[in-house]
Amino acid sequence: MDVTEILKNLNESQEQAVTSDNQHLLVLAGAGSGKTRVLVHRIAWKVQVENISPFGILAVTFTNKAAGEMRDRIETLLAQSLRGMWVGTFHGLAHRLLKMHWNDAKLPENFQILDSDDQLRLIKRVTKSLDLDDQKWPPRQSQWWINSQKDEGLRPDNIREDKDPYLSVMVKIYRSYEELCNRLGVIDFAELLLRALELWKNCPSVLAHYQNRFKHILIDEFQDTNSVQYQWLKTLSSSFSDVTAVGDDDQSIYGWRGAKVENILSFERDFKETKVVKLEQNYRSTSNILNAANAVIKRNADRLGKNLWTDLGEGEPIFLYSAFNENDEARYIVENLKSWIDQGNNRQDAAVLYRSNAQSRVIESALLQFDIPYRVYGGQRFFERLEIKNALAYMRLILNCHDDVAFERVVNIPPRGIGERTVDAVREHARNISISMWSAAKAMIVDKNLNTRSANALAAFLNLINEMSNTLEALPLSELAENSIEMSGLIEMHRREKGERGQSRVENLEELVGACKNFTPESIDTPVLAQFLDQVSLEAGERQANEDQDAVQLMTLHSAKGLEFPLVIMAGMEENLFPHKMSQNEPGRLEEERRLAYVGITRAMQKLYFTCAETRNLYGTDHFNPVSRFVRDVPKEFMKEVRLKNTVIRPTSFSTNSRISDSGDLTGFELGQRVGHHVYGEGVILNFEGNGPRARVHVSFEQVGTKILILASANLQSL
DNA sequence: AAGGCAAATGTTTTT
DNA sequence: CATTTGCCTT
């Protein structure tokens, strides 16, 4: 056997991890230390050197994308196909299990997956049916609470209400929601995991089968596992299986959604004979960037402790620009992106990272103005869009007209005269005699217990679905989709919608047809339509399809995890924004914000910018936030503060309807002029605002930064 | 039942 | 500021 290829270009600790023959292995991999590489090579090592069949290997990742990449990389390395090896996300694997053992899991054979949107819809209904005021019991909050319980593995019966009125209402909602899901034959994402765990706990024979099969288990991003996932792992692994867990406690940023960093600590305790390997050499960033990252993360108390180092050299300092407002910040960002591109670099090698999605808007308009192509990641995903979900609901009804969730969604879309009252009546009837809404509607029309208008409208809908089923079911997937959006009237509805919005919805529907064309079914014994709908609910898909165009990347710090870019700009480095003000009061959450900063900084390979705005208009009001503590934690020696040059007039806004007034003419001062102030010292005039006695002036002072002063009372001296 | 206007309401996100 | 929700009218 040829091991040289597998061990080539691995450093000492990487090689240790790849070849370790301890039963269990915990790899603590710092940012950019080659963690995926180790995982890929370890699997290759097991297959090629230890002669383990891919059939006995289970690899778990956090995103579908990561799963695909891992399989590709191993197959390339080994130059062989790995059919039989299970690679996927926890949710994907759980789904696969439940599909195979639906009967043991007490599920209907064709159970559907609810996305969080559908889930919220059902919880709203539950809240209403329990006669609870949805102002006092916001469905969003109930949804969050229920999911947290499920992430902890808790059913309503496991929760001790202890006369706590809040808890007892929550448990009541949880219980009714569970009943509703069971009745509809649907399960949400958290349920997927919990059911899969319970399947194993309740069916020893099923568990034994998988314990026997998967004797080699590997898990990526271990710091992001929640309680149920950890229990799942513990249940699956038996005394004769080996487990490899890879993670970085400093990059745990999903605590707010149930992830437990402590799982890393528990691992050594629960899995005996664990070898721990630390990967501390970083191959990604210059030492200035890495030192900055280390300085920031050092201030966290609960760390396993790692010391990342690099031999890539010092590189450039980190640039800090304190902008006057968010428009000036955007302008500075775009100028620097432009010069990066003008120097011959790829646009896609530059990324702008921010704490919250709302920040992208200003940066986007600046990029548009300067004609720089960009791509925004995150936000709403393709298969979660309203128009797409409607189209999918029609396709679901073609496959199975008893799908109540789909039925309710589109029964009156486009509007066809079936209002809330009619739907209520149908739902009530369906519930009373335990049949689907489809059957209930049919029965009610025949029995004539509806007014003529509603009955006719409802009959028209039933006929439409029948006709669609008859004419479309046998067609290839893409034609089925194309005809569905046509026959249902969805595309016509959006064509008539005025404005850009309608147009983009039409385009999205057309893109759905394209997505259907590209879909490759996995098995031959399930209908292609069913496979497509299942896949779509498990991976919502990317926002835009034009992946190939070279574009600057915009995303939140969260979605940047796992990625790297030669140039990174971290925007909005201000207190209250980052760390977010919601996290300021709890030490635990503040530590998570700090880890988020660490993740952001360690994305950068060569060049890193911090930008902040002294005035930020958010939701229509001005905020004056001090610079983020994470910036202040970086020692000055690694940073270079960019100051305004007094010879250059900085426009404070890039937009055409700029409010730079000409009041300067009347005041004896002009933009860019050097002035002196008795308290703040010397500075440069950036902008005038307003007229008359209320006229204000924005001055960037060398010592204290930008201040907004009332011109009449500031008593500025021209210099 | 549907469309229009005022009021409310804004972290992070994968599955 | 911008978008979504809810109430009100036709």
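A, B, ... follow the sequence lines: proteins, then strands. Residue 1 opens every chain.
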Quiz item: Between Y230(A) and N263(A), what is the shortest heavy-atom contact and its length?
Solution: CB-ND2, 3.7 Å
Practice problem: Would you please confirm or rule out a distance under 4.0 Å between OP1 or OP2 of dT11(B) and any side-chain N or O of R257(A)? | Solution: no
Self-check item: Whether over 12 other heavy atoms sit under 6.0 Å from R303(A) CZ
Solution: yes
Quiz prompt | Nearest listed nucleotide, side chain of W256(A), among dT14(B), dA1(B), dT13(B) | solution = dT13(B)
Quiz prompt | Under-4.0 Å side-chain N/O to phosphate OP1/OP2 contact, R361(A) with dT3(C) | solution = yes
Exercise. With heavy atoms under 4.0 Å as the rule, sort R416(A) into base, sugar-phosphate or nothing.
Key: sugar-phosphate
Quiz item: So what does Y254(A) touch, heavy atoms closer than 4.0 Å: a base, only the sugar-phosphate, or nothing?
Solution: sugar-phosphate
Quiz item: Rounding to a whole Å, what distance do you find between K581(A):NZ and dT12(B):P?
Solution: 11 Å
Exercise. Could you tell me whether S116(A) contacts a base, only the sugar-phosphate backbone, or nothing, with contacts defined as non-hydrogen atoms closer than 4.0 Å?
Key: base
Quiz item: So what does T422(A) hit on the nucleic acid, given a heavy-atom distance under 4.0 Å: a base, only sugar-phosphate, or nothing?
Solution: sugar-phosphate
Exercise. Give a yes or no on whether R140(A) atom CZ has more than 12 heavy-atom contacts from other residues, nucleotides or ligands under 6.0 Å away.
Key: no
Exercise. Check the distance between dT15(B)'s P and F90(A)'s CZ and give it to me in whole angstrom.
Key: 13 Å
Exercise. Search all heavy atoms of L392(A) against all heavy atoms of V536(A) and return the closest pair with its distance.
Key: CD1-CG1, 3.5 Å
Quiz prompt | Closest-nucleotide ordering on DNA chain B, the 5'-leading residue of G417(A) and G92(A) | solution = G417(A)
Quiz item: Are any of N64(A)'s side-chain N or O atoms less than 4.0 Å away from OP1 or OP2 of dT15(B)?
Solution: yes
Quiz item: Do Y177(A) and Q143(A) have side-chain N/O donor and acceptor atoms under 3.5 Å apart?
Solution: no
Practice problem: Report which part of the nucleic acid E592(A) touches: base, sugar-phosphate, or nothing (heavy-atom distance under 4.0 Å, all strands). | Solution: nothing
Practice problem: Between dT12(B) and dT5(C), how far apart are the C1' atoms? Round to whole Å, please. | Solution: 23 Å
Quiz item: Base, sugar-phosphate alone, or nothing: which one does F62(A) contact when heavy atoms must sit under 4.0 Å apart?
Solution: sugar-phosphate
Quiz item: Of the nucleotides dA2(B), dT15(B), dT11(B), which one has an atom closest to the side chain of P415(A)?
Solution: dA2(B)
Self-check item: Spacing between M555(A) atom CE and dT14(B) atom P, to the nearest angstrom
Solution: 11 Å
Exercise. Check the distance between dT9(B)'s C1' and Q135(A)'s CD and give it to me in whole angstrom.
Key: 11 Å
Quiz item: D134(A) side chain: which of dT11(B), dT13(B), dG6(C) is closest?
Solution: dG6(C)
Quiz item: Any side-chain donor-acceptor pair under 3.5 Å between R331(A) and Q369(A)?
Solution: no
Practice problem: Mind checking Q359(A) for me? I need base, sugar-phosphate or nothing, with any heavy atom below 4.0 Å counting as a touch. | Solution: nothing
Quiz item: Just wondering, more than 12 heavy atoms not from W144(A) lying within 6.0 Å of its CH2?
Solution: no
Quiz prompt | Distance, rounded to the nearest Å, where Y377(A) contributes OH and dT13(B) contributes C1' | solution = 16 Å
Practice problem: If the glycosidic angle is within 90 degrees of 0 it's syn, otherwise anti, so just tell me which one dT12(B) is. | Solution: anti
Exercise. Return the value, rounded to whole Å, for the distance between atom CG of L98(A) and atom P of dT15(B).
Key: 18 Å
Exercise. Could you check how far CG of N357(A) sits from P of dT3(C), rounded to whole Å?
Key: 14 Å
Quiz prompt | Is_stacked (H91(A), dT15(B)) at 5.5 Å, 30 deg | solution = no
Practice problem: Could you check which of dA1(B), dT11(B), dT14(B) has an atom nearest any side-chain atom of R421(A)? | Solution: dA1(B)
Practice problem: Assign N412(A) to base, sugar-phosphate, or nothing according to its heavy-atom contacts below 4.0 angstrom with the strands shown. | Solution: sugar-phosphate
Quiz prompt | Any T556(A) side-chain N or O less than 4.0 Å from OP1/OP2 of dT13(B) | solution = yes
Quiz item: What is the nucleic acid contact for R453(A), judged by heavy atoms within less than 4.0 Å: base, sugar-phosphate only, or nothing?
Solution: nothing
Quiz item: Nearest-Å distance, NZ (K561(A)) to C1' (dT15(B))?
Solution: 14 Å
